[in-house]
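Just below is one structure, and these are the notes that go with it.
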Amino acid sequence: MNDTWAGIIFLGTLIGALVLVHKPLGDYMARAVMGKRHLAVEKGVYKLGGIDSEADQTWSGYLRSVLAFSFVGVLFLYLFLRIQQHFGHPYGVPTMAAGQAFNTAASFVTNTNWQSYSGESALGYVVQMAGLAVQNFVSAAVGIAVAIALVRGFTRHKTDRLGNFWVDLTRISLRVLLPLSILFAIIFVGGGMIENFHHYVTYKTINGGSQTLTGGPVASQEAIKELGTNGGGFYNANSAHPFENPTTWTNWLEIFLLLCISFSLPRTFGVMVGDKRQGRAIVAVMATLAILSVGAMLVVQGMHHGTVPTSVGASAEGTEQRFGVPDSAIFATGTTLTSTGAVNSFHDSYTSLGGAMTLLNMMLGEVAPGGTGSGLYGILVLAVLTVFVAGLMVGRTPEYLGKKLGGREVKFASLYLLTTPALVLVGTAVAMALPGERASMLNSGPHGLSEVLYAFTSAGNNNGSAFAGISVNTTFYNGVLGVIMLLGRFLPIVFVLGLAGSLARQKPVPASEGTLPTHRLLFVGMLTGVTIIVVALTYFPALALGPLAEGLH
């Protein structure tokens with residue numbers, strides 16, 4: 001009972017904190033991307049990179065910049081991982097194999113942060129800092145920049161220009177992500193998180209064995225890991241490790257960080273389109289889906305069938321004792337509703353329905369609130385689809401924020417929504433059809449299918465969390481999951497920017513009696529329903545064969 005009340009207080013204070021920062025953080029991000037004045041340090045970056053900060057890009061030019069920047073990131077990080085042995089221990093460790101290096105480079109550049117390696121043994125301090133941590137910043141900034149470009153598509157008229165990617169990337173990194181990361185890294189150090197460059201130290205254990213403990217610049221990476229919805233752990237145990245997550249209040253703060261930007265971006269959207277009610281409608285949908293998910297997760301993880309679960313009052317297997325079942329369930333929900341991928345417990349050990357909830361959260365498209373930027377542009381695409389469906393129901397040409405939604409716009413939205421399910425379901429089917437890849441499953445039957453489905457869902461949705469119970473450091477999984485992470489990130493971005501360009505070219509359409517009000521409760525309910533129905537129709541057969549079948553067994 002005490003654990004239950006502690007969980008209620010934990011969740012209540014978390015919701016309160018997110019409500020408090022929604023307006024100021026959202027307004028600040030709007031000023032950061034809308035301002036005309038460049039800071040001195042930003043001018044230095046533009047000069048160094050040969051960037052014309054006053055140039056506006058077409059949607060295709062914006063897209064080329066995103067793809068070129070990300071391609072260079074993948075190449076640089078791959079080479080970095082292949083030469084890390086030259087930095088000397090503990091700043092470097094033996095080189096990473098080519099397949100795993102490709103998988104890791106694709107993972108961190110796409111904001112997925114999927115790890116088929118143990119962080120403390122596979123990576124040295126230099127790569128952790130100058131490789132992974134850098135991508136934690138810029139991959140998050142890329143997601144926010146694409147979301148801002150889509151919002152400009154709604155606000156601009158009769159133009160083919162969406163802004164300047166390089167300016168957006170620089171401002172988001174230097175004005176939003178960097179200062180917040182510095183602040184919270186200092187707070188984390190005060191909470192007991194380590195931040196050093198110490199060599200590994202081996203200690204004798206009380207039973208006569210030995211254990212090697214690593215140091216490292218953990219707190220600085222942990223802050224941006226959560227703030228940028230990245231999720232890659234410095235240690236293999238991720239946020240269950242006491243060096244990464246020492247106390248209950250640092251656990252609370254990590255969940256807050258992985259949610260705060262994504263829950264504040266709808267306010268940024270409302271400010272930019274000149275109607276804050278639109279932002280409130282979007283965040284209401286996000287909050288509704290999140291609360292439903294948290295509630296369901298707490299219920300299924302609180303089930304205690306069997307002798308051991310009954311004695312402890314919940315299904316505690318795989319849960320870090322310092323945090324307990326409610327706090328771990330809230331973390332699991334937050335990390336799978338966003339594209340974070342950090343974990344403080346093993347999802348593979350959750351109840352079958354608890355595992356189903358983590359899968360369902362990712363399958364929703366991570367829009368409640370989703371990753372940094374990707375959550376906002378994902379739910380805006382769903383809003384476009386919702387308005388189109390509503391227009392068909394009343395026999396009128398659909399309009400959203402003063403823009404008509406014709407065949408071109410709906411095609412972009414449809415392609416966006418179909419891409420990830422296709423990658424996830426086809427990838428899972430191929431893996432299950434190959435005898436060698438089935439051998440990587442540590443479990444058979446529905447639970448084994450859930451492990452494979454989770455791996456492809458995590459990669460395709462750029463989440464990065466792992467179900468565990470499956471060996472993914474193989475040639476097949478490193479290669480295929482790496483490709484799926486790249487396609488799952490950049491194909492949707494192509495369609496989002498194409499949609500933004502199509503919207504920006506239109507002239508504004510004045511609202512009429514037949515225009516669907518998209519700031520009212522009716523629209524909130526419709527958008528929530530469309531989000532759930534699209535997922536249910538797409539993924540239900542796979543869920544029925546995996547975690548649902550296991551739950552009914």
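This chain uses plain numbering: 1 for the first residue, then up along the sequence. As the structure is a prediction and not an experimental result, all values here were calculated from the model.
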task = Compare every heavy atom of Arg161 with every heavy atom of Thr159, then report the nearest pair and how far apart it is.
result = OG1-N, 3.2 Å
message = For the residue pair Ser139 / Asn111, report whether a side-chain donor-acceptor contact shorter than 3.5 Å exists.
response = yes
task = Measure up the Tyr416 and Tyr377 rings against each other and bin them: parallel (under 30°), tilted (30 to 60°), perpendicular (over 60°).
result = perpendicular
query = Given side chains that start at C-beta, do those of Leu545 and Pro446 come closer than 4.5 Å, heavy atoms only?
reply = no
ask   = Does Ser262 use its side chain to pair, donor to acceptor, with the backbone of Leu258 at less than 3.5 Å?
value = no
query = Hey, does Leu516 have a side-chain heavy atom less than 4.5 Å from the side chain of Pro398?
reply = no
query = Roughly how far, to the nearest 0.5 Å, is the CD1 atom of Ile493 from the OG atom of Ser70?
reply = 6.5 Å
key: CD1-OG1 distance between Ile261 and Thr372, expressed to the nearest 0.5 angstrom   = 6.5 Å
request  = Mind telling me whether Tyr62 and Phe165 have parallel, tilted or perpendicular rings, with 30° and 60° as the class edges?
outcome  = perpendicular
ask   = Do His347 and Thr335 come close enough that some side-chain heavy atom pair is under 4.5 Å?
value = yes
remark   = For Ala542 and Leu425, the nearest pair of non-hydrogen atoms, with its separation, is CB-CD2, 4.0 Å
ask   = How about Leu503 and Leu405: do any of their side-chain heavy atoms sit closer than 4.5 Å?
value = yes
key: Partners meeting ring pair (Phe, Tyr, Trp, His ring centres under 6.0 Å) with Phe154 (sequence neighbours left out)   = Tyr400
ask   = Does Leu527 reach the side chain of Ile379, with side-chain heavy atoms less than 4.5 Å apart?
value = yes
ask   = Just wondering, do Val146 and Ser374 contact through their side chains at under 4.5 Å, heavy atoms?
value = no
message = Could you go through Phe256 and Leu14, starting from their C-alpha distance and side-chain angles, then the distance that decides it, and tell me whether this counts as side chain to side chain contact (heavy atoms under 4.5 Å, CB included)?
response = CA-CA 6 Å; Phe256 169 78; Leu14 179 64; 3.8 Å; yes
inquiry  = Is it the case that the side chain of Ser107 and the backbone of Asn113 share a donor-acceptor pair, with hydrogens and angles ignored and the cut-off at 3.5 Å?
reply    = yes
message = So, taking the atom named CG in Asn463 and the one named OG in Ser458, what distance separates them when rounded to the nearest 0.5 Å?
response = 4.5 Å
Atom pair CD (Glu244) and NZ (Lys225), whose distance is rounded to the nearest 0.5 Å = 4.0 Å
query = So how far is it from Thr518 OG1 to Ile282 CD1, rounded to the nearest 0.5 Å?
reply = 8.0 Å
query = Which pair of non-hydrogen atoms, one from Ala149 and one from Leu162, has the smallest distance, and what is that distance?
reply = O-CD2, 3.8 Å
Flag, side chain of Thr358 to backbone of Gly355, donor-acceptor distance under 3.5 Å = yes
key: Electrostatic pair Arg152-Asp56, nearest N-O below 4.0 angstrom   = no
query = Any donor and acceptor pair, going by atom type alone, linking the side chain of His519 with main-chain N or O of Arg280 inside 3.5 Å?
reply = no
Stepwise side chain to side chain contact (heavy atoms under 4.5 Å, CB included) check, Thr229 with Glu366 = CA-CA 11 Å; Thr229 60; Glu366 295 176 328; over 6 Å; no
query = Do the ring planes of Tyr477 and Phe456 sit parallel (below 30°), tilted (30 to 60°) or perpendicular (above 60°)?
reply = tilted
message = Using the side-chain contact (heavy atoms from CB on, under 4.5 Å) definition, which of the options Leu453, Val534, Val424, Leu360 pairs with Tyr539?
response = Val424
request  = Check the pair Val381 / Phe495 against side chain to side chain contact (heavy atoms under 4.5 Å, CB included), numbers first and verdict last.
outcome  = CA-CA 10 Å; Val381 170; Phe495 304 134; over 6 Å; no
query = Can the ring centroids of Phe102 and Tyr78 be said to lie less than 6.0 angstrom from one another?
reply = no
request  = Quick one: pull up CZ in Phe523 and OG1 in Thr386 and give me the separation to the nearest 0.5 Å.
outcome  = 5.5 Å
query = Hey, does Met363 have a side-chain heavy atom less than 4.5 Å from the side chain of Leu543?
reply = yes
Where Thr268 and Met29 come nearest, the two heavy atoms and their spacing = OG1-CB, 3.6 Å
task = Please report the C-alpha distance between Gln115 and Thr104 in whole Å, then the side-chain angles of each, then the deciding distance to 0.1 Å, and finally whether the side chain to side chain donor-acceptor pair (under 3.5 Å) criterion is met.
result = CA-CA 7 Å; Gln115 295 172 287; Thr104 303; over 6 Å; no
ask   = Sub-3.5 Å donor-acceptor pair from the side chain of Glu226 to the main-chain atoms of Ile255, do we have one?
value = no
key: Worked verdict on Ser345 versus Tyr350 for side chain to side chain contact (heavy atoms under 4.5 Å, CB included)   = CA-CA 9 Å; Ser345 55; Tyr350 277 31; 2.6 Å; yes
request  = Report the C-alpha separation of Asn478 and Asn473 in whole Å, then their side-chain angles, then the decisive distance to 0.1 Å, and conclude whether the side chain to side chain donor-acceptor pair (under 3.5 Å) test is met.
outcome  = CA-CA 6 Å; Asn478 279 327; Asn473 185 19; 2.9 Å; yes
request  = Ignoring hydrogens and angles, tell me if any N or O in the side chain of Arg82 forms a donor-acceptor pair with the backbone of Met96 under 3.5 Å.
outcome  = yes
inquiry  = Tell me if a side-chain donor or acceptor on Gln135 pairs with a main-chain N or O of Leu132 at a distance below 3.5 Å.
reply    = no
query = Has the side chain of Asn238 got a donor or acceptor atom that lies under 3.5 Å from a matching backbone atom of Ala240?
reply = no
Shortest non-hydrogen separation from Arg489 to Gly143 and the atoms involved = NH2-N, 3.5 Å
query = Just checking, is any N or O donor in the side chain of Ser450 or Glu550 under 3.5 Å from an acceptor N or O on the other one?
reply = no
request  = Check whether any side-chain N or O of Asn361 sits under 3.5 Å from a backbone N or O of Met357 as a donor-acceptor pair, and report yes or no.
outcome  = yes
ask   = Will you find, in the side chains of Thr515 and Glu399, an N or O donor that is under 3.5 Å from an N or O acceptor?
value = yes
ask   = Are any non-hydrogen side-chain atoms of Asn462 and Met485 less than 4.5 angstrom apart?
value = yes
query = So, Thr338 side chain and Gly334 main chain: donor-acceptor pair closer than 3.5 Å or not?
reply = yes
ask   = Shortest non-hydrogen contact from Ala431 to Val452?
value = CB-CG1, 3.8 Å
